[in-house]
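Atoms considered below: every heavy atom in the structure, side chains included; atoms not considered: hydrogens, waters and symmetry mates.
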Amino acid sequence: MTTSPEDSGAEVCVIIPAAGSGTRLGEPVPKAFVDLGGATIIERCVDNIPDSLGASIVVVVPADLVERARELLPGVVVVSGGAHRSDSVRAGIAAAGTARILLVHDAARPLTPAHVFTSVVEAVAAGHPAVVPGVPVVDTLKQVTSDASGLELVARTVDREELRAVQTPQGFTRDALLRAHTDDSGLATDDAGLAERCGIPVHIVPGDPLAMKITTPWDLRIIRDVVGETAADAEARS
């Protein structure tokens, strides 16, 4: 039987919004249900959440896939999402019980290492209301405009030393995440963006390259290769 967050008494709840269609991936099923080495992306994402957190888990999926997700994820609370990511996160918050620390984690980052989860939770527990993992940007970045012909024109080179590519899980105190989502019309690519709009300070902890996000077919190919190599290494050691 699925244990609700209310019953679990967990201090931490991981909310996984997975209600998007993932059309850029070009697969016949929503992204979270795409096969990744013998298990779906959402299964691998949930399995990769470290047991040491003692966290309850809420997964948010399209309404027509709620029962399928419950079959795949015993012991996990599954609810239906909304039209936008923010709607799905709000549905997850509503199902998260009384957990003091809420993590919002992309289903499309199924290989995020345990230490990233731990670092985020520890930073929130230490008193930071909003915490995100991030990695240094390695490419040279250009800000662009358009010239009279419509071609892109470099306006300036951005100092990458001050930039971080942000990942998930993103961690919040319950009050901070609720405040960030107070405006029902607020849309953002991540929850930290909503927090910033509210004036909530957002701190950064080190992320990890393995927390890369699956967005394109190329990303999926890379992740499948990593999963295959990991399985082969494990078999060789056994």
Q: Could you tell me if E122 and S119 have a donor-acceptor pair between their side chains, going purely by distance under 3.5 Å?
A: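 E122 and S119 do not have a side-chain donor-acceptor pair below 3.5 Å.
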Q: For I42 versus A107, what's the shortest heavy-atom pair and its separation?
A: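 I42 and A107 have their closest heavy atoms at CD1-CB, 3.8 Å.
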Q: What is the distance from atom OG1 of T230 to atom CG of L111, rounded to the nearest 0.5 Å?
A: 7.0 Å
Q: Considering non-hydrogen atoms only, spot the tightest contact between R109 and V166 and give its length.
A: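 Nearest pair, atom of R109 first, then V166: NH2-O, 3.6 Å.
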Q: What distance do L177 atom CG and L102 atom CG have between them, rounded to the nearest 0.5 Å?
A: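 L177 atom CG to L102 atom CG measures 5.5 Å (nearest 0.5 Å).
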Q: Taking all non-hydrogen atoms of both residues, which atom of L65 and which atom of F33 are closest, and how far apart?
A: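 Heavy atoms of L65 and F33 come nearest at CD1-CE1, 3.6 Å.
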Q: Taking the side chain from R160 and the backbone from P136, do they hold a donor-acceptor pair closer than 3.5 Å?
A: no
Q: A quick test of your reading: do over 12 heavy atoms of other residues, nucleotides or ligands sit less than 6.0 Å from CD of E71?
A: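 Result for CD/E71: enclosed.
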Q: Closer than 4.0 angstrom, basic N to acidic O: yes or no for D191 and R85?
A: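 A salt bridge is present here (some side-chain N lies under 4.0 Å from a carboxylate O).
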Q: To which residues is V135 joined in a hydrophobic cluster, defined by side-chain heavy-atom contacts under 4.5 Å among Ile, Leu, Val, Met, Phe, Trp and Tyr, whether direct or through other members?
A: none
Q: Counting only heavy atoms not in D51, do more than 12 fall under 6.0 Å of its CG?
A: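 Check fails, neighbour count at 12 or below.
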Q: Is R44 salt-bridged to D47, going by a charged N under 4.0 Å from an acidic O?
A: no
